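In each ligand, atom 1 is the first atom listed, and ligand 1 is the first ligand listed. Note that the structure is a prediction, hence the values are computed from the model and not measured.
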Amino acid sequence: MSARPLVSAPLTPREILDRLVAFPSVSRDSNLPLVDWVEDYLAGQGITAHRHWNEDRTKAALFAHVGPWEEGAVVLSGHTDVVPVDGQDWTSDPWTVVEREGRLYGRGTCDMKGFDALAIWALVEAQRRGVKRPLQIALSYDEEVGCTGAPPMIAAMQGVLPKGAVAVIGEPSGMQVVNGHKGGTGFHVHVKGFEVHSSLLPSGVSAIMEGARLIQWANERNAWIQAQAVSPVAAGFDPPFTTLHVGMISGGTAHNITAAECRFALEMRVVPGEEIEAHVSDFLSEVARVEARMKAVRPEAGIHLERFFGVPALVPETEGEAEALIRRLTGGNAVGVVSYGTEAGQFQEAGYSAAICGPGDIAQAHQADEWLAVSEFQAGQRFMERLLEELAA
Ligand SMILES: [Zn+2]
């Protein structure tokens, strides 16, 4: 006879938050200790969770289903990874939740282990109280490094659980519904030139000067975009148009040598209603044009691209179920859009009605002394209470 009871005592949201924050699940490191704990905790409550591993099995997403084994669940979606604390000046240990003056300090309290804790709590309560409509949680990894963990997790969920209908992505939004965000993608661009003495310029290829043509293309495209009328779907964004940006550049060895190397990173933040791939294909055409000029001088010259992230926009839905559900639960009428990417666009792309609603303010995310207001955490718990009532009705 095992001494271990099947069901251990359920934890409060705050107790769950304390446990989650204690795992330093920075994106560059494994999240498995956190996933092990959540899986064990849920198992102790009689809930079977499922993992989706990354390729080298150093990280896993975790998802679970409670309620009738049927389609149509409400999915509570959060990420388990957090940004690093390196070089940040923290007043208290970032991996311990410390309450001071109505605030819960700790890395990830705001972005977004506060919501994760509430989602885990709600799933356990759904199991204890019983629900007529199923509830699922989906906890991803690698969100902070380009939202790369969610798409394989969402695909894996389809094969294991009945498909959910509505996804609530709990990124910090002050518990207001956010129904749209920009999409985006980025490229590491490596321009390979050919070195000659600069006095012999026409027989060499300067990677810097050729790379500059592509950067100038981005400048001209920004100007062209901003000369167009703002579309109604983009009007709520700040700025209300797509932007292209180069944030890093390096290359060259001397003022009188044509540069053999130039590397820069180009990102595009694309408003809903525009195709990211249309911007990408125009960029690729320009790359091909510049590369052909380079190769005409030196065949060994060229341009190599590596796409390092891609996040679809969250398109505001007409009569969307996610937005309607969140409005009912919060009683709020305000609807906003945000300019940062989230996993909401990925759930929407996979066929879910999706919107963002979570405790906290994005201004506190990623900062030293990151905090979540206790009042926000409590508002999040009230949201979950109402959700449980609705799912049971
Ligand atoms: Zn986040």
Notebook entry, point to check: Which protein N, O or S atoms lie under 2.8 Å from the Zn ion (ligand 1)?
Noted result: His79 NE2, Asp111 OD1, Glu171 OE1, Glu171 OE2
Notebook entry, point to check: At their closest point, which heavy atom of Phe347 faces which heavy atom of Met153, and how far apart are they?
Noted result: CZ-CE, 4.0 Å
Margin query: Contact between Val26 and Arg107 at the side-chain level, heavy atoms closer than 4.5 Å - yes or no?
Written below: no
Margin query: Enumerate the side-chain hydrogen bond (donor to acceptor under 3.5 Å, both in side chains) contacts for residues 78-87, please, sequence neighbours excluded, ordered by first and then second residue.
Written below: Ser27-Asp81, Arg28-Asp86, Asn31-Thr80, His79-Asp81, His79-Asp111, His79-Glu143, His79-Glu171
Checklist line | Pair listing, side-chain hydrogen bond (donor to acceptor under 3.5 Å, both in side chains) test, anchored in residues 349-365, at least two apart | finding: Gln158-Tyr352, Glu317-Ser353
Notebook entry, point to check: Is any NZ, NE, NH1 or NH2 atom of the basic residue among Glu323 and Arg327 found under 4.0 Å from an Asp or Glu carboxylate oxygen of the other?
Noted result: yes
Notebook entry, point to check: Who else is in the cluster with Leu32 when I, L, V, M, F, W and Y are joined by side-chain contacts under 4.5 Å?
Noted result: Trp53
